[in-house]
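Below you'll find the structure, written out as C-alpha cells, and then a few comments.
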Amino acid sequence: MTIGIIGSGAMGAGIAQVVATAGHPVRLLDQNAVALEKALAGIAASLRKLAEKGKLTPEAAAAALTRLHPTADMEDFADCGLVIEAIVEDLAVKQQVFKQIEGIVGADCVLASNTSSLSITSIAAACQRPERFVGIHFFNPAPLMQLVEIIPAVQTRAGLADEIKTLVASWNKRPVLAQDTPGFIVNRVARPFYGEAIRILEEGIADIATIDWALTELGGFRMGPFALMDFIGHDVNYRVTESVFTAFFYDPRYRPSFTQRRLFEAGYYGRKAGRGFYNYAAGASQPEPNRDKTLGDSIVQRVLAMLINEAAEALHLRVASAQDLELAMTTGVNYPKGLLAWADELEPATVLATLDTLYHDYHEDRYRASVLLRRLARDNQFFLTT
Ligand code: NAI
C-alpha cells in the first residue's frame with residue numbers, strides 16, 4: 001500500500017522513515033521545498049546511522065530510501081491507501097488540506113492526522129467521508145519512539161481503528177487505542193509531572209535541582225521534570241499545557257502555571273534557547289540539589305499521587321484500557337513503571353491518603369481524587385487485578 005505523508009517537518013519526516021522502512025512506497029509532500037529537501041537529507045542520514053549501528057542492514061536502508069518519493073504536487077497522492085497529515089497545528093489549515101486531499105484520493109483511502117492537541121472529530125468534520133478518518137499520533141522522534149496512539153473520531157467507521165492498529169503494529173510499533181479526548185493518553189496523564197513539580201517549586205518547598213534529583217534518583221524517572229521541560233522546550237510544553245487546559249473546559253486539574261508562562265513569554269524556551277529553568281550557557285554554574293531523603297520522598301509521593309490519579313481517572317472515563325495506559329506511559333514517556341502497577345504496589349489506599357491530605361490542606365479541585373481510586377481503596381482492591 002502506498003502511503004502519503006503531508007508535512008515533512010520533524011514528525012512527517014520521521015513517519016515517512018518509519019513507513020518506508022516497513023516497506024511502503026511513500027509520497028512525501030511539503031509546501032516548503034527547503035523543508036522537503038532537509039527532510040530527505042535527514043532521513044538518509046538517519047538510515048545511514050541505523051545501518052552503521054547494525055540496527056538495519058545496508059540493503060534495507062538503501063531500499064527504504066528508494067521507496068521515498070518527495071513531491072510538491074498533491075495529485076501524486078491519487079494511488080495512496082493511507083494519507084497521514086503532519087502539518088502545522090491549525091484546525092482550519094488541516095481541514096482545508098483534507099478537503100483538497102479528498103478530491104484526489106480514492107474512496108477507500110484512509111485519512112489520518114498526527115495532531116497532538118486538536119480533536120480528531122473536529123478535523124474529520126471537514127471531510128466528505130469522515131468515516132474513513134482516524135488519528136494516528138506518533139511521538140518524537142518517530143523512528144525511535146515505539147508508542148503510537150490510535151484515536152477514532154466520533155465519525156470513524158467501526159473496525160477502522162483496529163485495522164490501523166494492526167497496520168501500525170506491523171511497522172514494529174506499539175499501538176494503543178485512545179478516546180478522542182484532550183491530550184489522548186500521554187499528553188493528558190503526564191501533565192502533573194510538570195504541573196505539580198512547578199507547584200512545589202512555586203510554593204518554595206524545594207528548588208528545581210532538588211525536585212529533579214528526587215524524581216530521578218528516588219522516583220526512578222529518566223529525567224527530572226525541569227530538565228525534561230527544558231529539553232522539550234517551553235514553547236512546545238507550555239502550549240500543550242495550555243491547550244489541554246482549554247480543551248478540558250478549564251478543569252483546574254490542568255491549569256498552567258505563571259512560572260512556565262513567564263519563561264515562555266521571555267523566550268526562555270530551554271535547552272535550544274540556552275536558557276530555561278536551567279542556564280545552558282557555557283560555564284554557567286548549575287544548582288546543587290538538597291539531597292535530603294525525607295524531603296525527596298515527599299516530593300516523589302506528591303507528584304506520583306497526582307500522576308496515578310490522572311491514570312485512574314483516564315481508566316475510569318474509558319479513555320483507554322488499563323493495559324494501553326500502562327504501555328503508553330512506559331513507552332511514550334519512558335516511565336519506570338506503569339502508573340496503575342505503581343499504584344497497586346503502593347496500594348490504592350496510600351495514594352488516596354496522599355491526595356486527600358492535599359485536598360484537605362488546599363481545598364483545591366486540583367487535588368480531587370478519582371472516584372475509581374477511592375472505590376478501590378475502600379474495597380481494598382487493585383487496579384490490575386480487578
Ligand atoms: P514542523 O513545523 O516541524 O513541520 C510542519 C511541516 O508542515 C513544515 O515543514 C511545513 O512547511 C509543512 N506545512 C505546513 N502547512 C502545510 C500545508 N498546508 N501543506 C503542506 N505542508 C505544510 O511540525 P511538527 O513538529 O512536525 O508537527 C507536525 C504535526 O505533528 C502537528 O500537528 C503537531 O501537533 C504534531 N505532533 C508533533 C510532535 C512533536 O513533538 N513535534 C509530536 C506528535 C505530534
Side-chain angles (χ1 to χ4, degrees), residues 4-18 27-43 46 70-77 80 83-104 111-120 122-124 126 133-151 168 173 175-176 178 180 182-188 190 194 228-244 246-247 269-272 328 331-334:
I5 313 276
I6 173 155
S8 70
M11 295 309 295
I15 298 166
Q17 181 180 326
V18 169
R27 314 265 184 265
L28 180 59
L29 182 145
D30 201 291
Q31 65 181 16
N32 178 339
V34 178
L36 198 52
E37 221 169 275
K38 208 175 129 201
L40 283 173
I43 295 169
S46 167
T71 177
D73 184 0
M74 208 181 273
E75 294 291 335
D76 287 342
F77 281 11
C80 288
V83 173
I84 305 175
E85 165 274 318
I87 64 168
V88 59
E89 190 75 337
D90 179 309
L91 177 61
V93 178
K94 287 191 196 284
Q95 287 182 328
Q96 186 52 41
V97 157
F98 278 111
K99 273 189 188 147
Q100 218 183 324
I101 294 171
E102 266 197 316
I104 293 165
L111 303 179
S113 175
N114 184 52
T115 181
S116 293
S117 65
L118 300 167
S119 105
I120 303 301
S122 69
I123 309 173
F133 202 93
V134 68
I136 307 184
H137 184 229
F138 285 83
F139 288 75
N140 192 17
L144 298 183
M145 298 298 287
Q146 287 289 295
L147 184 69
V148 180
E149 294 174 333
I150 312 289
I151 309 109
V168 170
K173 294 289 173 195
V176 292
D180 189 12
F184 311 132
I185 302 176
V186 170
N187 281 335
R188 170 193 190 136
Y194 315 109
L228 182 55
M229 282 183 274
D230 275 1
F231 181 76
I232 294 168
H234 296 284
D235 49 340
V236 174
N237 189 267
Y238 176 74
R239 279 208 188 93
V240 174
T241 302
E242 202 179 55
S243 87
V244 168
T246 309
Y269 292 157
R271 243 170 218 284
K272 63 186 165 197
T331 56
V333 269
N334 295 313

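Just so you know, ligand 1 is whichever comes first in the structure, and atom 1 is the first atom listed for that ligand.
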So which heavy atom in the protein is nearest [atom], and how far is it from that ligand atom?
atom	result
atom 1 (P) of ligand 1	Gly9 CA, 4.0 Å
atom 35 (C) of ligand 1	Asn114 O, 3.4 Å
atom 39 (C) of ligand 1	Met11 SD, 3.7 Å
atom 9 (O) of ligand 1	Asp30 OD2, 2.7 Å
atom 19 (N) of ligand 1	Gln31 OE1, 3.6 Å
atom 40 (O) of ligand 1	Asn140 CB, 3.3 Å

Please compare [options] and report which has the shortest non-hydrogen distance to [atom].
atom	options	answer
atom 5 (C) of ligand 1	Ser117, Ala86, Gly7, Ala142	Ala86
atom 32 (O) of ligand 1	Glu149, Glu89, Met145	Glu89
atom 31 (C) of ligand 1	Ile87, Asp90, Val88	Ile87

[X] to ligand 1: N or O pair under 3.5 Å?
X	answer
Gly12	no
Ser116	yes
His137	no
Ala10	yes

For Tyr194 and Ile232: C-alpha separation, side-chain torsions, deciding distance, then whether side-chain contact (heavy atoms from CB on, under 4.5 Å) applies. CA-CA 11 Å; Tyr194 315 109; Ile232 294 168; 3.7 Å; yes
Ligand 1 contacted by Phe138 (non-hydrogen, < 4.0 Å):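 Yes, Phe138 has a heavy atom closer than 4.0 Å to ligand 1.
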What do you reckon, does Lys94 put a non-hydrogen atom under 4.0 Å from ligand 1?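 In this structure, Lys94 qualifies as a contact of ligand 1 - some heavy atom is under 4.0 Å.
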Got [X] and [Y] here, is their nearest side-chain heavy-atom distance under 4.5 Å?
X	Y	value
Thr331	Met145	no
Met229	Tyr238	no
Leu91	Ile123	yes
Leu147	Val176	yes

Asn32 neighbourhood, listing ligand 1 atoms whose heavy-atom distance to it stays under 4.0 Å: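 This gives 11 (O) as the contact atoms.
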Heavy-atom contacts with Thr115 under 4.0 Å: which atoms of ligand 1 show up? List them by number with element.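 Contacts of ligand 1 toward Thr115, numbered from 1: 32 (O).
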I'd like to know if the side chain of [X] and the backbone of [Y] have a donor-acceptor N/O pair within less than 3.5 Å.
X	Y	answer
Glu85	Phe98	no
Asn187	Ser117	no
Asp235	Tyr269	no

Between His137 and Ser116, is there a side-chain donor-acceptor contact under 3.5 Å, judged purely by atom types and distance?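 Side chains of Ser116 and His137: pair found under 3.5 Å.
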Quick check on atom 11 (O) of ligand 1 - does any protein heavy atom sit closer than 4.0 Å to it?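 Yes, because at least one protein heavy atom sits under 4.0 Å from atom 11 (O) of ligand 1.
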Atom NZ of residue position Lys38 - does it have more than 12 heavy atoms of other residues, nucleotides or ligands inside 6.0 Å?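 Counting other residues, nucleotides and ligands, NZ of Lys38 stays at 12 neighbours or fewer.
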Where on [X] is there a heavy atom closer than 4.0 Å to ligand 1, on the side chain, on the backbone, on both, or on neither?
X	answer
Ala35	side chain
Val97	side chain
Gln96	neither

Stepwise side-chain contact (heavy atoms from CB on, under 4.5 Å) check, Ile43 with Leu28: CA-CA 12 Å; Ile43 295 169; Leu28 180 59; 4.3 Å; yes
Exercise: identify the closest heavy-atom pair between Met74 and Ile101: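 Looking at all heavy atoms of both residues, the closest pair is SD-CG1, 3.5 Å.
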Separation of Ile6 CD1 from Arg27 CZ (nearest 0.5 Å):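 The distance works out to 14.5 Å.
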